[in-house]
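In what follows, chains carry the letters A, B, and so on, assigned in the order in which the sequence lines appear, proteins first and then strands, with residues in each chain numbered from 1.
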Amino acid sequence: MPNEPGRENRHFIQQIIDSDRASGRVPGEIVTRFPPEPNGYLHIGHAKSICLNFGLAREYGGRCHLRFDDTNPETEDMEFVDSIKEDVRWLGYDWGKHLYFASDYFEQLYDFGEKLIMLGKAYVDSQSMDEIRATRGTVTEPGTESPYRTRSAEENLDLFRRMRAGEFPDGAHVLRAKIDMAAPNMLMRDPLLYRIRHAHHYRSGDTWCIYPMYDMAHPLEDAIENVTHSLCTLEFEVHRPLYDWLVSAVCEPPRPHQYEFARLNLDYTVMSKRKLLLLVKGGHVDGWNDPRMPTIAGLRRRGIRPDAIRAFCDMIGVAKSDNRVDVSLLEYAIRNDLNAEAPRVMAVLRPLKVVLTNWPEGQTDMVEAPWWPHDIPKKGTRQVPFAREIYIERSDFMEDPPQAFHRLSPGAEVRLRYAYIIRCDDVIRDADGTVRELRCSVDLESRSGTGKNASRRVKGTIHWVSAAHAHRAEVRLYDRLFSEADPERVEGSETFLDHLNPDSLEIIPDAYVEPVVAEAAPGTRYQFERNGYFYLDPTFAETNTPVWNRIITLRDTWGRRSKAQTASDTTPNRASEARPGKPSSSPVGHTPNPLSGLDAAGERRAHGLVDEFDLPLESAAVLAGSHMLETWFRSAVAEVGPPPSSIANWMVQELRPLLADANSDSDRDLERIPITPDQFRKLVELHHRDVLSSRLAREVLSDMITSGEPPEAIVTRRGLEQISDKAALSTVMEAVLAAHPDRVAAYRDGKKGLIGFFMGQVMQKTGGKANPQMVREMLETELERA
RNA sequence: UGCCCCAUAGCUCAAUUGGCAGAGCGUCGGAUUCUGGUUCCGAAGGUUCAAGGUUCGACUCCUUGUGGGGCAACCA
């Protein structure tokens, strides 16, 4: 959702796509894909990905593929393919003709395997699984190369073909990429590409006995389909170098790129397929579509509409930081959607009988009740029978109510919604003292709409049903499945199952609904007034008793207040719990050691630079960290010219960040840029002599990197000399101040931060050429003159 | 412990790419209301993880820390 009015808020992937289009990197259609493995049901976390991928395609007029990533024959099934298709469609998205299966690419993927072998980029390894594991090394130690790594291309090809032909048992050989067994990224230590698996695949049957691994299949599938932006979750970040390696090894230029975003975590729920399966298998829920489950099927059966899910996904945004979304956000999306979609009716969940003593026995009145409240622009009414005996909600009566309670109590009056005002005269009790029934008198002139006293106001309005006309219905009340915000956070021998909420389901077999509700078709959504939104569960369509699932309660400021009073001191404050990213105590007195990243030799070099050139230790440490940097620095320094510390400073602070182009080692790029150390020194000199402000010098530097021209040439070509003429600057400044009298006043009123705004304006008006020191001084003296 | 990623209001995210720290949700008030709902109005809430550095100016760039997450399946 837009954060700033008037300016659409673009998340980082949209920004990437925008710039890809602007720069021409992606001239054609934007192509994304949603790539589930058909081995489980989709959940609300997948919904985030679906909304992202299909939403982007819709937004940019591109397309989104639905691709089943079915490369593991042992876990996948057609049942899941069907349910996933249903769920995506239900969410409101359409893949058109772009339905794909990894299993349809097996032949092409195999050809890529042969190609890699021919290129010398892959080999058949005949070590056992254990040997491969053991020689992979650890995160701190490099792995060792397989003895089979040097097999000839011919031998590899022969072996790979025979693997395909079924000559070998499972595990006898694998195809591995030949990359680097010492790579710090474990994924690059000759990752497995193909394994032998004599297993029946639900689509390809027994055609294949070798299957590609994810790292082989996924990037190449993207390339085959001309996907432009391949979006996945954060845990695949470390796979990206491998993705790039593979794609650039065997594919032609228009190539896909992978970007990673944070998966959704929701309070009071679990999201992994494995844990959801455990809930189902263990009988803790009623199946994959239990209305308490975060599965799409569960949300659907709960009665939530797809519009609400999409709105929710819009609200949570897309970013790269781990998150745990507060349920109130989901609840808001659901209520906000249903408010204008669910007609209002009356139902009493926990009945208390009320006899209206002055209402004639046997007389039935029909009152007219609108389907919608006044503030929803929809029309229509229905008739509701009103008679001598009615049911009201047990919780709407209190014998000894607190001050703020404005429902029924002895002697008090309430309005029965759409009907009459009643007064409680008598309370009838059972032998054990519990209230069995109320005797009330009706103000016969107070009938809603038509009565003489229709406009008489009483404090409360409650809902009701006529006892003789009401229908019975089963109602199921759902609460959160877990009692802990983060059920996966366990101690000792606990599992997430220990955090199950025992009260997550309450079945009320004998609620009463007004007659019209009994005619509802399965799948109908109503608001039971003052109780919440309910959904007639279609899975019970066959049975005689209708089952209404409570989708969600109404927002309840009263219940919240009374609960807060009783429970405030026992409920732990969320803020006080340890949260990721928030240090519990801030360390003090720490002095940073710039040398800490260096080995002994590096430290010596750094100190050498300090002694020789009088550099600050920080700059020296950075330069000493890379041989290339240090050499470059030494050749940039000259007898005449700016002090070495300035050159070092500019290298560390300005040059290096400019080199940091996506996925490359910036310090190594130093030799590839068209800037000579001599030219660089001249640039620093221009800044040092105050010909260029730091801002302009930065501008020139980035120009140098792209154009390769010497700094003076760029300055002349673009007319970038700094403006230090007081009169000229004054004119610009006056114009800026005159154009924004309100801000000038605000500044003089104490909002000193506005100096940045004025500076920005002046710099913009002068094309960044104004001498910032002078401008700032002039602005300050001018603005202080009140 | 090696490499990679992340850190802005209670929660989820912005901040025109170095120029006034904002939005939605939540919280608390007020108005409206025949739903203690909705709608409308308002308020509180910030050492931008910390320290140092660069800069006229840093949420943004550099350094070092801290905290959190990911990576050592023939899963995806």
Side-chain angles (χ1 to χ4, degrees), chain A residues 1-5 7 9 11 37 39 69 71-72 75 129 132-133 136-141 143 170-171 174 183-187 189 192 194-197 213-214 218 234-235 237-238 260 262 267 315-317 319-326 328-329 332 335 339 344 373-376 406 415 417-418 448 457 460-463 527 529-530 554-559 561 573-575 579-584 586-588 590-594 596-597 616 618 621-622 649 652-654 656-657 693-695 743 746 751 753-761 763 772-777:
Chain A
M1 285 280 100
N3 274 350
E4 278 176 34
R7 182 178 183 81
N9 186 2
H11 59 68
E37 183 188 13
N39 69 346
D69 214 356
T71 57
N72 183 356
T75 58
M129 192 170 24
I132 289 176
R133 226 199 303 262
R136 186 147 29 215
T138 68
V139 288
T140 53
E141 300 158 272
D170 288 3
V174 289
N185 180 348
M186 300 284 297
L187 265 307
R189 321 246 257 229
L192 273 56
Y194 260 95
R195 80 282 209 180
I196 302 173
R197 192 103 316 166
M213 306 282 295
Y214 167 88
H218 206 91
L234 248 27
E235 68 267 27
E237 208 154 26
V238 284
E260 311 85 14
D267 270 358
M315 283 191 287
I316 58 176
K320 293 190 74 163
S321 55
D322 293 323
N323 59 75
R324 174 162 293 277
V325 175
D326 198 309
S328 65
L329 220 58
Y332 171 81
R335 291 193 183 108
N339 181 38
R344 316 293 137 118
H374 64 279
D375 52 359
I376 285 173
H406 42 257
R415 174 169 293 280
R417 189 136 162 96
Y418 310 126
S448 288
R457 304 188 52 143
T461 300
I462 63 174
H463 60 277
Q527 184 195 106
E529 291 207 44
R530 306 206 308 130
L554 263 28
R555 194 161 159 270
D556 180 10
T557 46
W558 168 260
R561 197 194 308 172
N573 184 354
R574 255 176 75 102
R579 301 264 319 166
K582 300 279 159 63
S584 48
S586 52
V588 284
H590 156 257
T591 14
N593 174 14
S596 68
E618 268 199 22
V622 174
N649 191 17
V652 172
Q653 302 285 342
E654 308 296 346
R656 231 163 44 105
S693 64
S694 54
R695 181 192 174 108
R743 296 183 202 243
K751 198 162 180 194
L754 281 167
I755 191 79
F757 168 77
F758 296 122
M759 281 296 295
Q761 288 291 307
M763 296 311 281
Q773 269 129 320
M774 290 179 62
V775 173
R776 195 180 183 96
E777 277 168 32

What nucleic acid atoms does [X] come within less than 4.0 Å of, heavy atoms only: base, sugar-phosphate, or nothing?
X: A/Gly171; value: base
X: A/Gln527; value: base
X: A/Arg530; value: base
X: A/Lys751; value: base

List the residues meeting salt bridge (Lys or Arg N to Asp or Glu O under 4.0 Å) with [X], not counting sequence neighbours, and say none if there are none.
X: A/Arg776; value: A/Glu780
X: A/Glu141; value: none
X: A/Glu654; value: A/Arg698

Between A/Thr71 and A/Asp322, name the one whose nearest nucleotide on RNA chain B is closer to the 5' end.
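Taking each residue's closest nucleotide, the earlier one in sequence belongs to A/Asp322.
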
Taking the nucleotide of RNA chain B with the closest heavy atom to each, which residue, A/Val174 or A/Ala319, is nearer the 5' end?
A/Ala319

Taking the side chain of A/Asp69 as its heavy atoms from C-beta onward, which of B/A76, B/C13, B/C74 lies nearest to it?
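Per side-chain heavy atoms of A/Asp69, the pick is B/A76.
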
Closest nucleotide among B/G36, B/C71, B/C13 to the A/Asn323 side chain
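Within the option list, the nearest is B/C13.
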
Return no unless some side-chain N or O of [X] is found under 4.0 Å from OP1 or OP2 of [N].
X: A/Arg197; N: B/C75; answer: yes
X: A/Arg555; N: B/U38; answer: yes
X: A/Arg195; N: B/A76; answer: yes
X: A/Tyr214; N: B/C75; answer: no
X: A/Ser694; N: B/U54; answer: no
X: A/Arg133; N: B/A73; answer: yes

Using a 3.5 Å limit on both pairing distances, list the dot-bracket string of RNA chain B from the 5' end; Watson-Crick and G-U wobble pairs count, crossing pairs take [ ], interstrand pairs take |.
.((((((..((((.....[..)))).(((((.......))))).....(((((..]....))))))))))).....

Non-neighbouring partners of A/Arg195 that pass side chain to side chain donor-acceptor pair (under 3.5 Å), sequence neighbours left out
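Result, side chain to side chain donor-acceptor pair (under 3.5 Å) vs A/Arg195: none returned.
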
Check nucleotides 59-63 of chain B for protein N or O atoms closer than 3.5 Å to its own N or O atoms and list the pairs.
| from | atom 1 | to | atom 2 | distance (Å) |
| --- | --- | --- | --- | --- |
| B/C62 | O3' | A/Arg656 | NH2 | 2.9 |
| B/U63 | OP1 | A/Arg656 | NH2 | 2.9 |

Pick the P atom in B/U60 and in B/A7, then give their distance to the nearest Å.
12 Å

